[in-house]
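Encoded as structure tokens, the structure appears first; notes follow it.
Whatever order the structure lists ligands and atoms in, that order sets their numbers, starting from 1.
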Amino acid sequence: MGFFDKLKAGLSKTTASFMDKVTSVMGFRKIDEELFEELEEALITADVGAETAFALVEALRKETRARGLKEGHELQPVLAELISARLGEPAPLSYNPAGLTVILVVGVNGVGKTTTIGKLAHYLKSQGKRVVLAAGDTFRAAAIDQLKIWGERAEVPVVAGPEGGDPAAVAFDGMKWARETGADVLILDTAGRLHNRADLMAELKKVRNLLAREVAGAPHETLLVLDATTGQNAIQQTKLFKEVAGVTAIALTKLDGTAKGGVVIGIKGAEDVPVKFVGVGEGMDDLQPFDPQDFARALFGSHEA
Ligand code: GDP
Ligand code: MG
């Protein structure tokens with residue numbers, strides 16, 4: 001299966017829900033104010049979020065006037081265009097042009113951080129990068145073991161310390177190992193405990209300071225992992241982690257199991273952090289660089305590839 005087909009298959013529940021809720025509103029009827037109001041409602045229930053739904057429908061009203069549209073079905077391609085425009089261009093990973101690239105991975109428990117790191121390691125390796133992983137989630141032994149298993153699968157080395165150890169120490173060892181072995185990319189896992197914001201912020205700050213001291217410009221990417229099945233919570237988490245961790249990119253996981261994929265549009269609309277990867281399954285190949293145009297097409301169940 002090609003990338004686009006896999007995305008389309010992964011998004012099938014979202015597409016069905018989007019078609020059911022959003023596309024159906026634009027069916028066989030004349031365009032009027034009632035239609036716009038129903039459409040805004042529909043976008044909200046499709047997890048696009050109130051702010052973004054409002055802005056999209058506003059833009060659609062304008063386009064309707066500008067283009068002299070009359071029939072509901074004429075709106076669908078225009079809405080698809082507006083959504084693609086809002087999502088913007090694909091945003092590639094930022095690399096350190098001068099040496100080791102450090103990617104710090106953050107997010108709450110269970111969203112798919114460790115799994116995404118494994119898949120990302122595999123993806124980067126396929127791009128010819130030499131990758132090292134560091135097990136910075138020292139909270140549970142199981143988290144360290146899980147990363148080691150992904151390291152074996154992706155055939156990349158994993159640097160780990162003892163359970164309960166200092167994540168900053170693991171980050172330090174990871175960087176040392178990465179430099180000594182001439183690796184291109186270091187990916188650092190972290191714990192997602194959210195028992196209190198001050199603790200989380202302090203821990204991430206300590207790690208960030210250490211990374212910055214050791215490698216110029218590090219972390220070059222702070223990748224927030226979000227679980228698409230949580231819908232609007234994903235937008236809340238983006239707000240929080242932007243504040244405590246300086247997030248620069250998002251990986252949105254579990255798009256395969258959810259009807260809430262519309263949240264991609266909401267995240268981009270409300271928080272303006274680029275979604276750089278999407279997860280569409282638990283396998284090693286189930287992480288894809290996010291292509292906004294493919295996403296918009298898949299959302300409307302488009303058949304052209
Ligand atoms: P962490 O606590 O953030 O490190 O989350 P994990 O990486 O341990 O993942 C939690 C669960 O989500 C695991 O069972 C993963 O297999 C699953 N998972 C992660 N990404 C995806 C995805 O894209 N699709 C699906 N279906 N499951 C995923
Ligand atoms: Mg984990």
Please determine whether any non-hydrogen atom of [X] lies less than 4.0 Å from an atom of ligand 1.
X	value
Val280	yes
Gly281	yes
Gly110	yes

Any N or O of [X] that comes nearer than 3.5 Å to an N or O of ligand 1?
X	result
Gly112	yes
Thr116	no
Thr253	no
Thr115	yes

Residue, atom name and distance, where the atom is the protein heavy atom closest to [atom]:
atom	value
atom 27 (N) of ligand 1	Glu282 CG, 3.2 Å
atom 1 (P) of ligand 1	Lys113 N, 3.4 Å
atom 23 (O) of ligand 1	Lys254 N, 3.0 Å
atom 8 (O) of ligand 1	Gln146 NE2, 2.9 Å
atom 24 (N) of ligand 1	Asp256 OD1, 2.8 Å

In this structure, are over 12 heavy atoms from other groups packed under 6.0 Å from [X] atom [atom1]?
X	atom1	value
Glu89	CD	no
Lys62	NZ	no
Phe36	CZ	yes

Honestly, is Lys129 close enough over Tyr95, meaning NZ or CZ under 6.0 Å from the six-membered ring centre and within 45° of the axis?
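Judged by the rule (NZ or CZ under 6.0 Å from the ring centre, within 45° of its axis), Lys129 counts as positioned above Tyr95.
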
Under-4.0 Å salt bridge between Arg67 and Glu81:
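Result for this pair is yes, salt bridge flagged.
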
Ion pair present between Asp166 and Lys206, side-chain N to carboxylate O less than 4.0 angstrom?
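The answer is yes: the pair qualifies as a salt bridge.
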
I'd like to know if the side chain of [X] pairs up with that of [Y] as donor and acceptor (distance under 3.5 Å, no hydrogens or angles considered).
X	Y	result
Thr114	Asp189	yes
Ser94	Glu221	yes
Thr222	Arg208	yes

Under 2.8 Å from the Mg ion (ligand 2), is there any N, O or S atom belonging to Thr114?
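Of the N, O and S atoms in Thr114, at least one lies under 2.8 Å from the Mg ion (ligand 2), which means yes.
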
Show the atoms of ligand 1 that are less than 4.0 angstrom away from any heavy atom in [X].
X	result
Gly279	23 (O)
Lys119	20 (N), 22 (C), 23 (O)
Thr114	4 (O), 7 (O)

Please classify the Arg140 to ligand 1 contact at 4.0 Å (heavy-atom distances, strictly less than): side chain, backbone, both or neither.
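Within the 4.0 Å criterion, Arg140 makes no contact with ligand 1.
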
N/O donor-acceptor pair under 3.5 Å between Thr138 side chain and Pro162 backbone
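Flag not set: sc Thr138 to bb Pro162 has no pair under 3.5 Å.
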
Can a donor-acceptor pair be found, under 3.5 Å and without considering hydrogens, that links the side chain of Gln232 to the backbone of Asp47?
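Checked: pair present.
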
